[in-house]
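One structure is given below, encoded as structure tokens.
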Amino acid sequence: MTELAIPALSLVALVGISGSGKSTFARKNFAATQVLSSDAFRAMVADDENDQSASTAAFESLHFVAGKRLAAGRLTVVDATNVQEHARAGLVAVARAHDVLPTAIVLDVPEEECWARTQARPDRHFDRRVLTRQSRDLRRTIKSLAREGFRKVHVLRGVDEIESATIAYERLF
Ligand code: ATP
Ligand code: MG
């Protein structure tokens with residue numbers, strides 16, 4: 001069992017390519033109301049969780065709600081791929097605006113495995129190249145997270161580490 005130490009009040013960014021198991025991990029380790037997912041926000045603003053053209057509106061809405069939660073002192077988990085620096089910068093900014101520590105949990109699962117899972121999913125239809133691009137972004141991401149302002153970075157490599165991980169809340173005061 002791996003305990004992932006997380007400040008009791010933090011903005012937790014899940015980071016991983018599509019199919020790496022972010023939503024599954026979030027369901028298992030956090031309350032449903034703590035998790036803000038980009039899919040849910042795309043659905044809210046555009047009736048379609050896969051509508052990438054709705055991403056800007058979806059993330060604006062997600063950041064707004066995250067800010068309200070953090071202002072009220074509520075742990076907030078962001079379930080989105082977060083493999084692009086500009087996406088993470090938005091989260092770091094929301095966390096800083098509320099004096100909250102941004103934390104990252106990286107789910108690093110081999111692209112082959114994610115692709116096999118994706119093909120078995122009825123709710124995902126995208127080209128393999130999308131995953132390859134996300135994987136390339138993820139490699140850069142892992143190196144730069146601490147520099148970007150994430151105070152704690154947990155990298156879980158492979159299914160076993162992901163499945164055995166539990167969250168341990170740290171109270172800072
Ligand atoms: P997306 O970015 O597309 O939302 P995701 O990272 O949220 O993807 P999930 O939806 O959690 O990924 O998982 C993708 C698929 O892989 C699902 O069908 C899920 O049941 C399966 N899956 C998740 N975790 C595991 C696991 N540890 N072992 C086997 N299958 C898994
Ligand atoms: Mg998901």
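Just so we're clear, the structure is a prediction, and the values are computed from it rather than from any experiment. Atoms within each ligand, like the ligands themselves, are counted from 1 in listed order.
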Any chance CZ of Phe64 has more than 12 other-residue heavy atoms, nucleotides or ligands included, within less than 6.0 Å?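 At most 12 heavy atoms, drawn from other residues, nucleotides or ligands, come within 6.0 Å of this atom.
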Closest approach of any protein heavy atom to [atom], naming residue and atom:
{"atom": "atom 29 (C) of ligand 1", "answer": "Arg117 NH2, 3.7 Å"}
{"atom": "atom 8 (O) of ligand 1", "answer": "Gly19 N, 2.9 Å"}
{"atom": "atom 3 (O) of ligand 1", "answer": "Ser18 OG, 2.5 Å"}
{"atom": "atom 10 (O) of ligand 1", "answer": "Arg121 NH2, 3.5 Å"}
{"atom": "atom 12 (O) of ligand 1", "answer": "Gly21 N, 3.2 Å"}
{"atom": "atom 27 (N) of ligand 1", "answer": "Glu163 OE2, 2.8 Å"}
{"atom": "atom 11 (O) of ligand 1", "answer": "Thr24 OG1, 2.5 Å"}

Are Arg128 and Glu112 within salt-bridge range, i.e. N to O under 4.0 Å? yes
Test: Arg136 and Glu111 ion pair at under 4.0 Å: no
Say whether [X] and ligand 1 are in contact under the criterion: heavy-atom distance to a ligand atom below 4.0 Å.
{"X": "Leu107", "answer": "no"}
{"X": "Gly16", "answer": "no"}
{"X": "Ile162", "answer": "no"}

Listed once per pair and sorted, the side chain to side chain donor-acceptor pair (under 3.5 Å) pairs that draw on residues 16-29, sequence neighbours left out: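 Qualifying pairs, neighbours excluded: Ser23-Asp79.
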Phe25 N/O under 3.5 Å from ligand 1 N/O: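 In fact, backbone or side chain, Phe25 has no N or O that close.
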Assess the side chains of Thr141 and Arg88: does a donor N or O sit below 3.5 Å from an acceptor N or O?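 A pair is found: one side chain offers a donor N or O, the other an acceptor, under 3.5 Å apart.
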Test salt bridge (Lys or Arg N to Asp or Glu O under 4.0 Å) on Asp39 and Arg124; report intermediate values, then the result. CA-CA 11 Å; Asp39 281 351; Arg124 287 289 184 271; 2.6 Å; yes
Grouping I, L, V, M, F, W and Y whenever their side-chain heavy atoms are under 4.5 Å apart, do Val78 and Ile142 come out in a common cluster?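 As far as the 4.5 Å side-chain criterion goes, Ile142 and Val78 are not connected within one cluster.
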Do Gln84 and Gln134 have side-chain heavy atoms sitting under 4.5 Å apart? no
Is any side-chain heavy atom of Val77 less than 4.5 Å from a side-chain heavy atom of Ile105?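 Contact flag for Val77/Ile105 side chains = no.
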Which residues and atoms, protein N, O or S only, are under 2.8 Å from the Mg ion (ligand 2)?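 The answer is Ser23 OG.
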Can you see which heavy atom on Glu49 is nearest to which on Arg42, and at what distance?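 Looking at all heavy atoms of both residues, the closest pair is O-CD, 3.4 Å.
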His98 versus Gly67, closest heavy-atom pair with distance: NE2-O, 3.3 Å
Show me which atoms of ligand 1 lie under 4.0 Å from any heavy atom of Val159.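 Those atoms are 27 (N).
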Can you list the ligand 1 atoms lying under 4.0 Å from a non-hydrogen atom of Ile17? 6 (O)
Output all residues satisfying salt bridge (Lys or Arg N to Asp or Glu O under 4.0 Å) with Arg140, sequence neighbours left out; order by chain, then residue number.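 If we apply the salt bridge (Lys or Arg N to Asp or Glu O under 4.0 Å) test to Arg140, skipping adjacent residues, the hits are Asp137.
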Compare Lys28, Arg124, Glu113, Lys22 and give the one whose heavy atom is closest to atom 4 (O) of ligand 1.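 Checking each option, the heavy atom nearest atom 4 (O) of ligand 1 is found in Arg124.
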Of all residues at least two apart in sequence or in a different chain, which pass the side-chain contact (heavy atoms from CB on, under 4.5 Å) check with Ala116?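 Result, side-chain contact (heavy atoms from CB on, under 4.5 Å) vs Ala116: none returned.
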